[in-house]
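Contents: one structure, followed by commentary.
All of these numbers come straight from a predicted model, not from anything done at the bench.
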Amino acid sequence: MSYLPNILYALLIIATFWFFRKNLLKIWQRFQYGKGKEENRLGNLKRRIFEVISFGFIQQKMFRDPVAGIMHAFIFWGFVIVSLGTLEVMISGVFPSFDFGLIFGEGSMAHRAFLWSQDFGNFIVFAAILFAIVRRLAFPPKRFQGLEKASRVDAMYVLAFILALVTTSLILVGSRAQAGLIPASAVPFGHAFASVFSGVVSDWHSFDKGMFWAHSLVLFGFMTFLPYSKHQHLIWVWPNIFFRNHHARGRLRPMIFDENAESFGVHKPEEFTWKQLLDSYTCVECGRCTEVCPANITGKPLDPRKIMHDLKYSLINHSTTPEAEHRPLIGGSFVTPDELWSCTTCGACMEACPLYIEHIPAIVDMRRYLTMTEGAFPEEAQATFRNLENNGSPWAFSPANRADWAKDLNVSTMAEKSDVEYLFWVGCAGSYDDRYTKVSKSIAKILDKAEVTFSILGTEERCNGDTARRLGNEYLADMQIQENIT
């Protein structure tokens, strides 16, 4: 008996996994290219592990689109099921006598259940992939229509690889059933697939060996291709979920001022944090963020998906080429200022993303560069900054009128009465906007009725700085915050 095929197969496994690992490490090292200071992402360890299981395996967000959710669930969970069969194939390539019948017991109920699970798992993936291909070609969702040609081709390559993988697997188990190596009743789908070749196959044992190699080569080819594909999210989604932000979703991380810094904000990929760079590689360009973006819906140039796409390719450009060949991240070949200023920072993109990518912090970091380093911000923002500096609010209202809403109510200020249970922070809208002053009055009446003692800051209150922060003016935001604190 010649062991040459088994030795060759073992070498192919080693070479494939070595190449796969080498490419993943190369990409992981690109994440370390980011020098921005990242907050602690290792707290709440038990919660993070639970979220990887809950968000990664159960995938609740995918089912917001029932059609896509069910299709993706069939593909993902089907793959999870058939992973044991893939392991069996690889081990048997090196040790021909191995199969899980040795563990479960040949012909036992457990072994038949295993065979049926592999047969059914492969078939549901086959059906889901066929549907995905037809859907993309015949009736693609609107969110797919803005994809670049390269992204559409990449997606079809991945779908073709998966289709070839499960098809060859079904034919492989079917040929083994035809050869009498496993019971045909345990693999009905595979048996049906292999029956297509009944008219041309005279030796099912030889055909089985041929399909074994065909299936293995597709498997190794897919593993080799995956790190070059946008569908490498299959790998990066797990650490991305594990390291997700546990602060309130609308919170923006304050900027740390460095007196020796040459610029503020971010205008190069290396100035982002490693987690933001990980986000860019995790994005699969599904377009769910774009689909719910109010700026994009109303015709503005912003596409949150494109922001992640641009960050990824800017990182590749800066980390793989000499400095002289670096292309600007903002205003060059990638992100445009108009895109950044179109964002309302509402967070709809982050809420919709099934991979828990954080778009808004990256957008605000780039706004900080435009505002604080370049002084390049829209005229409308200039008026807002002036009002914040002079009036302590985004609007041209006098700070002396800040507590006018409370004139007819028995509301004290902290200057008048500080020995109270609560400070009622009213805010700019609650102080000036006709609609929201009604809310402020209602809250004051409710607190008074409940006999809860409280005071307001009144004319001492200033904007909380959030407006300036979201427009990228962190210095002005910090000034507003400090005025309120002191």
Side-chain angles (χ1 to χ4, degrees), residues 30-44 48 51 236-237 239-258 261 263-283 288-290 292-296 302-312 314-315 329-330 334-337 339-373 377 464-478 481:
R30 287 177 188 163
F31 303 151
Q32 313 314 310
Y33 191 69
K35 300 298 187 293
K37 184 174 177 57
E38 183 57 80
E39 295 178 309
N40 178 29
R41 298 271 179 161
L42 288 173
N44 303 321
R48 292 185 183 280
E51 287 172 345
W236 303 125
V237 64
N240 205 59
I241 293 175
F242 181 83
F243 292 116
R244 69 187 289 265
N245 176 36
H246 277 174
H247 291 292
R249 184 160 298 163
R251 172 185 178 270
L252 291 175
R253 180 181 56 210
M255 192 175 77
I256 299 173
F257 290 98
D258 181 357
S263 66
F264 296 101
V266 170
H267 76 297
K268 299 176 182 177
E270 57 265 36
E271 293 172 342
F272 286 104
T273 70
W274 63 266
K275 175 59 172 63
Q276 289 173 316
L277 299 181
L278 174 61
D279 276 343
S280 72
Y281 265 86
T282 304
C283 178
R288 286 175 174 81
C289 55
T290 304
V292 298
C293 174
N296 187 273
L302 176 64
D303 181 344
R305 167 178 57 193
K306 179 181 176 295
I307 296 291
M308 289 297 110
H309 177 277
D310 287 343
L311 176 53
K312 172 184 173 180
S314 177
L315 172 60
L329 170 61
I330 306 173
F334 302 107
V335 181
T336 67
E339 289 175 297
L340 297 176
W341 291 118
S342 295
C343 180
T344 66
T345 69
C346 67
C349 52
M350 293 169 58
E351 177 63 29
C353 180
L355 305 182
Y356 299 89
I357 290 167
E358 299 161 23
H359 311 73
I360 303 301
I363 290 173
V364 171
D365 278 342
M366 288 185 278
R367 278 184 176 178
R368 285 169 173 167
Y369 172 77
L370 291 174
T371 298
M372 301 182 66
T373 301
F377 45 80
N464 62 11
D466 188 63
T467 300
R469 175 168 285 168
R470 291 180 185 278
L471 288 171
N473 197 336
E474 187 68 22
Y475 179 79
L476 180 55
D478 186 68
I481 293 167

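The shortest distance between side-chain heavy atoms of Ile330 and His267 falls below 4.5 Å. Looking only at side-chain heavy atoms (C-beta outward), Asp279 and Met308 come within less than 4.5 Å of each other. Counting heavy atoms from C-beta outward, Ile363 and Thr345 have side chains that stay 4.5 Å or more apart. A 4.5 Å side-chain heavy-atom check between Met350 and Cys289 finds every atom pair outside the cut-off. Residues Thr273 and Arg253 are in side-chain contact: their nearest non-hydrogen atoms beyond the backbone lie under 4.5 Å apart. Within the 4.5 Å cutoff, no side-chain heavy atoms of Ser280 are placed close to those of Arg30. Using a 4.5 Å cut-off on side-chain heavy atoms (C-beta onward), Gln276 and Pro361 make contact.
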Where do Phe272 and Met366 land on the side chain to side chain contact (heavy atoms under 4.5 Å, CB included) test, with the steps shown first?
CA-CA 9 Å; Phe272 286 104; Met366 288 185 278; 3.8 Å; yes
CA sep, side-chain torsions, deciding dist, call: Phe243, Trp274, ring pair (Phe, Tyr, Trp, His ring centres under 6.0 Å)
CA-CA 11 Å; Phe243 292 116; Trp274 63 266; 5.0 Å; yes
Start with the C-alpha distance between Lys268 and Ser314, add both sets of side-chain angles, then the distance that settles side chain to side chain contact (heavy atoms under 4.5 Å, CB included), and finish with yes or no.
CA-CA 8 Å; Lys268 299 176 182 177; Ser314 177; over 6 Å; no
For a side chain to side chain contact (heavy atoms under 4.5 Å, CB included) check, start with the C-alpha distance between Leu42 and Phe242, then their side-chain angles and the critical distance, and finish with the verdict.
CA-CA 9 Å; Leu42 288 173; Phe242 181 83; 3.9 Å; yes
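Pro269 and Leu329 get closest at one heavy-atom pair: N-CD2, 4.3 Å. When every heavy atom of Val292 is checked against every heavy atom of Ala348, the shortest pair comes out as CG2-O, 3.4 Å. Annotation for Ala477 and Ala468: closest pair N-CB, 3.7 Å, computed over non-hydrogen atoms.
Between the side chain of Thr373 and the backbone N or O of Leu370 there is no donor-acceptor pair closer than 3.5 Å. The backbone N or O of Asn473 lies less than 3.5 Å from no partner atom in the side chain of Arg368, so there is not a single donor-acceptor pair. Between the side chain of Thr282 and the backbone N or O of Leu278, at least one donor-acceptor pair lies under 3.5 Å. Between the side chain of Arg48 and the backbone N or O of Gly43 there is at least one donor-acceptor pair closer than 3.5 Å. With hydrogens and angles ignored, the 3.5 Å screen pairs no side-chain donor or acceptor of Lys37 with any backbone N or O of Lys35. In this structure, Thr371 contributes its side chain and Leu471 its backbone to a donor-acceptor pair below 3.5 Å.
Note: Arg470 CZ to Cys346 SG = 9.5 Å, rounded to the nearest 0.5 Å. Atom-to-atom distance recorded for Thr344:OG1 and Leu302:CG is 8.5 Å, nearest 0.5 angstrom. One distance of note links CD1 of Ile360 with CG of Asp365; it measures 11.5 Å at 0.5 Å rounding. For the atom pair CD1 of Ile241 and CD1 of Ile357, the computed distance is 10.0 Å after rounding to the nearest 0.5 Å.
Residues passing the side chain to side chain contact (heavy atoms under 4.5 Å, CB included) test with Phe257 are Met255, Phe264, Met372, Glu474, Tyr475, Asp478, sequence neighbours excluded. Partners of Asn296 according to the side chain to side chain contact (heavy atoms under 4.5 Å, CB included) rule, which considers only residues two or more places apart in sequence or in another chain, are Thr290, Cys293, Asp303. Residues meeting the side chain to side chain contact (heavy atoms under 4.5 Å, CB included) test with His309, sequence neighbours left out: Glu148, Glu285, Tyr313. Take Ser263 and apply the side-chain hydrogen bond (donor to acceptor under 3.5 Å, both in side chains) test, not counting sequence neighbours, and it matches no residue. Partners of Ile481 according to the side chain to side chain contact (heavy atoms under 4.5 Å, CB included) rule, which considers only residues two or more places apart in sequence or in another chain, are Arg469, Ile485.
Asn240 and Lys275 share a side-chain donor-acceptor pair at under 3.5 Å. Counted by atom type alone, Ser342 and Glu339 present zero donor-acceptor pairs between their side chains at under 3.5 Å. Glu39 and Asn245 are not linked by any side-chain donor-acceptor pair at a separation below 3.5 angstrom, with hydrogens and angles left out of the test. One side chain, Glu51 or His246, offers a donor N or O that lies under 3.5 Å from an acceptor on the other.
Between Glu351 and Arg249 a salt bridge is recorded (basic side-chain N to carboxylate O distance below 4.0 Å).
Listed by first and then second residue, the ring pair (Phe, Tyr, Trp, His ring centres under 6.0 Å) pairs involving residues 339-365 are Phe55-Tyr356 (not counting sequence neighbours).
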